[in-house]
There are 2 protein chains.
Amino acid sequence: MKKREKISDAVIKRLPMYYHCLKGLESDGISKVSSNIISGLLNITASQVRQDFSNFGEFGQQGYGYDVIYLKDQIAAILGLDRRYNVIIIGAGNIGQALAKYKGFKNEGFDIIAAFDVDAKDGKTIGGIPIYNYIKLEEFSQNCKIDIAVITTPSESAREVAANVKRLGIKSIWNFAPVFIYLGEDIAVENINMSESLFMLAYKANNLKII
Amino acid sequence: MKKREKISDAVIKRLPMYYHCLKGLESDGISKVSSNIISGLLNITASQVRQDFSNFGEFGQQGYGYDVIYLKDQIAAILGLDRRYNVIIIGAGNIGQALAKYKGFKNEGFDIIAAFDVDAKDGKTIGGIPIYNYIKLEEFSQNCKIDIAVITTPSESAREVAANVKRLGIKSIWNFAPVFIYLGEDIAVENINMSESLFMLAYKANNLKII
DNA sequence: TAGATTGTTAATCGATTAACAATC
DNA sequence: TAGATTGTTAATCGATTAACAATC
């Protein structure tokens, strides 16, 4: 293992791909895999697969390859998927409600424990998750450890909400508002910008190889 | 203008950022801008801003800078935002419904004209958009030019739906199912993989600078 | 004109790929 | 053992940054 310097974003972006791929192999009952096979499944080079893994440790055996379950567990641990997370949703509009109703996150270790909205009256639920008025967030955060805040407010309020989230000591933000949020090095933010993705799709569609 | 070779993905990813930024400047009533100012707003280098633009043409004037509206229109044209798109949604689950109800896409030139679902009975609507049974898609596509298909089905059916969409001659897919879709060079696909984004957030949160 | 800022060429940096010794 | 495949070092490729002549 090379000495652990800062891992580049390009590498980190591929970790979930590896994890997903290994889960697939596991559920197909395959127990060993080589960098060459992974490279074929993910359409990258075998060299890159080995380089990526070597950033974190030595997970394979020369002449054999990698044990699927062991490697999957190692990558899960690197990603932090070996624990559970308490998640809240801020903004109970269309997207916020859709995420609240989606049941898939629980399987991956993410428990949505509450939603908040400026217009909410207490006592309601969506998809079994309680909704509170946004003014209750501070009190709630004092009683319950929140790992991740999902921001699904309109863009006008997103930055203000994000700043408040940081003030309450929450360390991760998953932002769906079409506003770029960055609050410094001591809080993790992932921005999902759907309209930028849609614009890139328009570009790609208009620049396809000769149709 | 350098001769137009293939533009790298890294450049294309920044175009929506420039567009967004210029719209902001325009709505603030600012009429001229320099690469230096843009670089400050977007946290990239001025050199990169000029390099990026020079892939597509010469949009500025030495000693002056760029005209905000002209530059914005040029970038809109490069992205293909100078026309309108007919969009359908396939899969009327949580995310599909949320997108159908979201009104923001129309402003950018994307008209959601119908939704399809395997369980749908004809005659219903969501957010004013008609829902049809999925078996009607082929007929619909023959009567109406569809530019973009949004796939919000469960992951099990996503690939099959995507193949069908391609068969019907639709040239762009916006995929929200957690499955990587690629159908060759002659159809544009943008994958929004929310769980990968969530995993990256977990990684970042677990690797923050000393807290 | 003098100052400002572009567009482009050259230099640097970082990420990907290739090669191969180590070794299971 | 012979064959396979890792982990790592070196080579290549591509993207970002710096520098500057052109010129408004």
Side-chain angles (χ1 to χ4, degrees), chain A residues 1-18 21-22 25 30-75 78 200 203, chain B residues 1-18 21-22 25 30-75 78 200 203:
Chain A
M1 177 177 169
K2 292 187 297 190
K3 69 169 181 291
R4 171 113 177 225
E5 302 174 14
K6 199 175 146 249
I7 310 295
S8 84
D9 261 26
V11 174
I12 299 166
K13 282 214 183 74
R14 285 189 292 269
L15 294 177
M17 287 172 36
Y18 294 129
C21 167
L22 290 162
L25 291 169
I30 293 163
S31 63
K32 75 153 271 206
V33 71
S34 68
S35 59
N36 193 43
I37 288 179
I38 295 174
S39 83
L41 292 169
L42 297 178
N43 226 42
I44 55 183
T45 64
S47 215
Q48 184 163 64
V49 173
R50 295 198 299 279
Q51 276 284 19
D52 284 350
F53 294 167
S54 79
N55 284 293
F56 302 101
E58 305 184 6
F59 303 136
Q61 266 192 317
Q62 279 107 325
Y64 174 80
Y66 303 91
D67 179 90
V68 170
I69 292 179
Y70 176 76
L71 182 59
K72 187 206 69 172
D73 288 344
Q74 291 296 312
I75 291 175
I78 293 163
M200 278 194 57
Y203 176 87
Chain B
M1 177 176 170
K2 294 187 296 190
K3 69 170 179 292
R4 170 113 178 227
E5 304 174 14
K6 201 177 144 246
I7 310 294
S8 84
D9 261 26
V11 174
I12 299 165
K13 281 214 183 75
R14 285 190 292 269
L15 294 177
M17 287 173 34
Y18 295 129
C21 167
L22 289 161
L25 290 169
I30 293 163
S31 63
K32 75 153 271 207
V33 71
S34 68
S35 58
N36 194 42
I37 288 179
I38 295 174
S39 83
L41 293 169
L42 297 179
N43 225 42
I44 54 182
T45 64
S47 215
Q48 184 162 67
V49 173
R50 295 199 299 278
Q51 276 283 20
D52 284 349
F53 294 166
S54 79
N55 284 293
F56 302 100
E58 304 184 7
F59 304 136
Q61 266 192 317
Q62 279 109 325
Y64 175 80
Y66 303 90
D67 180 88
V68 170
I69 292 178
Y70 176 75
L71 182 58
K72 186 205 71 172
D73 288 344
Q74 291 297 311
I75 291 176
I78 293 163
M200 278 193 58
Y203 176 87

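Proteins come first, then strands; the chains are lettered A, B, ... in the order of their sequence lines, and each starts at number 1.
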Locate the shortest heavy-atom distance separating [X] from [Y]; write the atom from each residue and the value.
X        : Y         : result
Ala46(B) : Ser39(B)  : N-CB, 3.3 Å
Ile78(A) : Tyr203(B) : O-CD1, 3.3 Å
Val49(B) : Tyr18(B)  : CA-OH, 3.5 Å
Ile7(B)  : Ile12(B)  : O-CD1, 3.8 Å
Phe53(B) : Phe59(B)  : O-CE1, 3.8 Å
Ile44(B) : Arg14(B)  : CD1-CD, 4.3 Å

May I ask you to verify if any side-chain N or O of [X] is less than 4.0 angstrom from the OP1 or OP2 atom of [N]?
X        : N       : answer
Gln61(A) : dC24(C) : no
Tyr66(B) : dG7(C)  : yes
Thr45(B) : dT16(D) : no

Counting only side-chain heavy atoms from C-beta out, which of [options] sits nearest to [X]?
X        : options                  : answer
Ala10(A) : dT17(D), dG7(D), dA15(C) : dA15(C)
Lys32(A) : dT5(D), dG7(C), dT8(D)   : dT5(D)
Arg14(B) : dT8(D), dG7(C), dT16(D)  : dT16(D)
Gln62(A) : dT5(D), dT8(D), dT17(D)  : dT5(D)

Let's test your reading of the pairing rules: Watson-Crick or G-U wobble, both distances under 3.5 Å, then write DNA chain D as a dot-bracket string with ( ), [ ], | and dots. ..||||||||||||||||||||||
Student check: side-chain heavy atoms of Ile75(B) and Phe56(B) closer than 4.5 Å: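 No. Closest side-chain heavy atoms not under 4.5 Å.
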Find the distance [X]:[atom1] to [N]:[atom2] and express it as a whole number of Å.
X        : N       : atom1 : atom2 : value
Lys13(B) : dG14(D) : NZ    : C1'   : 14 Å
Phe59(A) : dT8(D)  : CZ    : P     : 11 Å
Asp9(B)  : dA15(D) : CG    : C1'   : 13 Å
Glu58(A) : dA22(C) : CD    : P     : 15 Å
Leu71(B) : dT5(C)  : CG    : C1'   : 14 Å
Arg50(B) : dA4(C)  : CZ    : P     : 15 Å
Ile38(B) : dT5(C)  : CD1   : P     : 12 Å
Asp52(A) : dT17(C) : CG    : P     : 10 Å

Scan Ser47(B) against the nucleic acid and name what it touches under 4.0 Å (heavy atoms): base, sugar-phosphate only, or nothing.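 Base, at least one base heavy atom under 4.0 Å.
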When all nucleic acid strands are considered with a 4.0 Å heavy-atom cut-off, which category describes Phe53(B): base, sugar-phosphate, or nothing?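 Counting heavy atoms under 4.0 Å across all strands, no contact is made by Phe53(B).
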Which is more 5' along DNA chain C, the nucleotide nearest Ser35(B) or the one nearest Gln48(A)? Just name the residue.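 Result: Ser35(B).
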Above 12 or not: heavy atoms from other molecules or residues under 6.0 Å from CG of Leu42(B)?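 For Leu42(B), atom CG is crowded (more than 12 foreign heavy atoms under 6.0 Å).
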Looking at Gln51(B) and dT6(C), is any side-chain donor or acceptor paired with a base atom of the opposite kind under 3.5 Å?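 Answer is no: no donor-acceptor pair is held.
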